[in-house]
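What you are looking at is a predicted structure, and each value in this text was computed from that prediction instead of being measured.
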Amino acid sequence: MTDTVPSEWPGIPTGVRSRTLPVRDLEMHFFEAGKPTDPLIILLHGFPEIAYSWRKVILPLSVNGGMGYHVVAPDHRGFGRTKPRDPSAPGAERPLAFEDDVLPYKTINLVHDIVALIFALGHEKATCIIGHDFGATIAGFSAIVRPELFKSIVFLSTPFTGPPSLPTKVTAASTSDAQREVLFPATLVEGALATLDPPRKHYMLYFSTPGANAAIWHPPQGLSAFIRGYFHAKSADWPENDPHEISADAAGLASLPHYYVMPRAATMADVAKAECPSAEEAARCAWLSEEELGVYAREYGRTGFQGGLNRYRAVTDPALAEELTLFAGRTIDVPAMYLVGEKDWGAYQNPGALNKMREEVCADMGEDEALFIGGAGHWVQQEKPEEVVSHLKGFLKGTPDAVVRIMSTEGFLGKLQT
């Protein structure tokens, strides 16, 4: 283990380490803090983020922050400094391309990566798995596929709606397409979005196209300006963010910001450019300095975005997502919490998802465990890290695992008797 170099990772505090481990076919990079023998917390990032997006949360949850956990935040397959161990494999010595095999990015394989990481670290279970954005989807399926490994779970921004269902009460006249369920039903109204005036398109399907990577990797405004504009538009800094429930039809989806339901002819670089903050606004951004922005630009400048975009392809292509129906009907039965910024459309962009998560998917998520954090948008753990950490600490202290740990500490029973 080696301490991180501050000049390479601005904002990473002393006590957080950067290292790699061989995990399946990968050399997986991650940040960590705490003792490797302490109970494990896994932090899963979203898109277009990397493990670095947890820089303000890692240390406070570890022994250094008084919580006593081994906290690990990996770069997912296809992201950051995680790369194939085989130097001839796509993404090892050259950036990934759309034409490369997408199968390694199927949801189940990404879950397999996380399970293998837990064992590679020397743990048998994780006290908590915490996922933001697309990381929330991987966290949710991790708990669905291997429920015995995860004692609690927290979703940030993206509600987890569980595995897609299988057709029931099928007759000879039934068609599988008529009863097909997908992870993100909003993507099914693409045809209707195209008929709107002006015509629109869903961002997940755009991100699944061959040209998406080049458009955001080499945008006309430059990579740093693209990332700044994209992060700004989805944050609480953009005044146009006013999240609320919407209908599941094309008209309802059309009320979403352009970073979710895009103008039909636009690239995501166009969308980010339209909402890019002024130089003065960017200078006032307290949660993402120019140095921190430079880390994202450096890492994505080297890798491109295809690794992350492949995950959208894997969930929007029915053939790639069909295997998830193997887990149809499974629920998450361990303690669960949901955190989202008040200015984050993530709670509503997939209509009905929030209620489904609370009422059908998570059996142990109370009314007080779905929380909206003021002053934050989509990047809640970066925009309001203190509030996120506070909620996580409260949640973790109340889980059965934490109670058992407290009761098993030396001298606990003696303290009760005095």
Look up atom [atom1] in [X] and atom [atom2] in [Y], then write down how far apart they are to the nearest 0.5 Å.
X      : Y      : atom1 : atom2 : result
Cys285 : Arg228 : SG    : CZ    : 5.0 Å
Ser142 : Leu149 : OG    : CG    : 9.0 Å
Ile12  : Ile58  : CD1   : CD1   : 5.0 Å
Ile42  : Ile129 : CD1   : CD1   : 6.5 Å
Leu339 : Phe372 : CG    : CZ    : 10.5 Å
His391 : Met337 : NE2   : CE    : 7.5 Å

Does the side chain of [X] reach to within under 4.5 Å of the side chain of [Y], using non-hydrogen atoms?
X      : Y      : value
Tyr338 : Val154 : no
Leu392 : Val388 : yes
Ile144 : Phe150 : no
Pro163 : Phe141 : yes
Ile114 : Leu44  : yes
Thr399 : Lys151 : no
Leu40  : Tyr69  : no
Val271 : Pro263 : yes

Shortest non-hydrogen contact from [X] to [Y]?
X      : Y      : result
Gly301 : Trp217 : O-NE1, 3.2 Å
Asp100 : Arg94  : OD1-NH2, 2.9 Å
Glu383 : Ala236 : OE1-N, 3.0 Å
Tyr105 : Gly78  : OH-CA, 3.8 Å
Lys393 : Pro60  : CE-O, 3.4 Å
Gly80  : Thr303 : O-CG2, 3.6 Å

Review point. Given the rule in the side chain to side chain donor-acceptor pair (under 3.5 Å) test, do His70 and Ser62 qualify, once you have shown the distances and angles that lead to the verdict?
Key: CA-CA 6 Å; His70 181 204; Ser62 73; over 6 Å; no
Review point. So which of Tyr206, Phe305, Phe207 actually passes ring-ring contact (aromatic ring centres under 6.0 Å, His included) with Tyr312?
Key: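 Per the ring-ring contact (aromatic ring centres under 6.0 Å, His included) rule, the option paired with Tyr312 is Phe207, out of Tyr206, Phe305, Phe207.
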For [X] and [Y], indicate whether the former's side chain and the latter's backbone hold a donor-acceptor pair under 3.5 Å.
X      : Y      : result
Glu190 : Thr187 : no
His218 : Ile216 : no
Asn213 : Gln306 : yes
Lys56  : Trp287 : yes
Lys201 : Ala266 : yes
Glu275 : Gly229 : no
Arg85  : Glu27  : no
Thr82  : Asp75  : yes
His123 : Pro36  : yes
Glu281 : Ser278 : yes

Salt bridge check: are [X] and [Y] linked by an N-O gap of less than 4.0 Å?
X      : Y      : value
Glu299 : Arg81  : yes
Asp317 : Lys106 : no
Lys384 : Glu386 : no
Glu32  : Arg17  : yes

Going by atom types only, do [X] and [Y] share a side-chain donor-acceptor pair under 3.5 Å?
X      : Y      : value
Glu49  : Gln382 : yes
Thr316 : Ser208 : yes
His132 : Ser53  : no
Arg313 : Asn310 : yes
Trp54  : Gln381 : no
Tyr260 : Asn350 : no
Asp133 : His45  : no

**Study point:** Check: Tyr296 ring centroid to Phe231 ring centroid under 6.0 Å
**Key:**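 Yes; Phe231 has its ring centre under 6.0 Å from that of Tyr296.
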Check your understanding: Are the aromatic ring centres of Phe160 and Phe155 under 6.0 angstrom apart?
Key ->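 Under 6.0 Å, so yes.
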Counting heavy atoms not belonging to [X], are there more than 12 under 6.0 Å from its [atom1]?
X      : atom1 : value
Glu245 : CD    : no
Glu148 : CD    : yes
Lys234 : NZ    : yes

Practice item. Output, in order, the C-alpha distance, side-chain angles, deciding distance and verdict of side chain to side chain contact (heavy atoms under 4.5 Å, CB included) for Trp238 and Tyr259. Key: CA-CA 12 Å; Trp238 192 51; Tyr259 53 75; 4.0 Å; yes
Practice item. Begin from the C-alpha positions of Arg77 and Asp113 and carry the test salt bridge (Lys or Arg N to Asp or Glu O under 4.0 Å) through to its verdict. Key: CA-CA 8 Å; Arg77 179 182 294 269; Asp113 290 342; 2.9 Å; yes
Side-chain donor-acceptor contacts of residues 219-226 below 3.5 Å, not counting sequence neighbours, with atom names and distances?
from: Gln221; atom 1: NE2; to: Ala269; atom 2: O; distance (Å): 2.9

Point to revise | Audit row: Trp345, Ile246, side chain to side chain contact (heavy atoms under 4.5 Å, CB included) steps and yes/no | key: CA-CA 10 Å; Trp345 275 99; Ile246 61 173; 4.0 Å; yes
Check your understanding: Under the side chain to side chain contact (heavy atoms under 4.5 Å, CB included) criterion, do Cys128 and Leu396 qualify, and how do the steps go?
Key -> CA-CA 8 Å; Cys128 191; Leu396 290 166; 3.8 Å; yes
Check your understanding: After noting the C-alpha distance and the side-chain angles of Tyr300 and Ile50, does the key distance pass the side chain to side chain contact (heavy atoms under 4.5 Å, CB included) rule?
Key -> CA-CA 9 Å; Tyr300 279 109; Ile50 47 179; 4.1 Å; yes
**Study point:** Verdict with reasoning, Ser157 to Asp344, per side chain to side chain donor-acceptor pair (under 3.5 Å)
**Key:** CA-CA 7 Å; Ser157 181; Asp344 184 3; 2.7 Å; yes
Review point. Would Arg55 count as a cation-pi partner of Tyr52, with NZ or CZ less than 6.0 Å from the six-membered ring centre and within 45° of the ring normal?
Key: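 The answer is yes; both the distance and angle limits are met.
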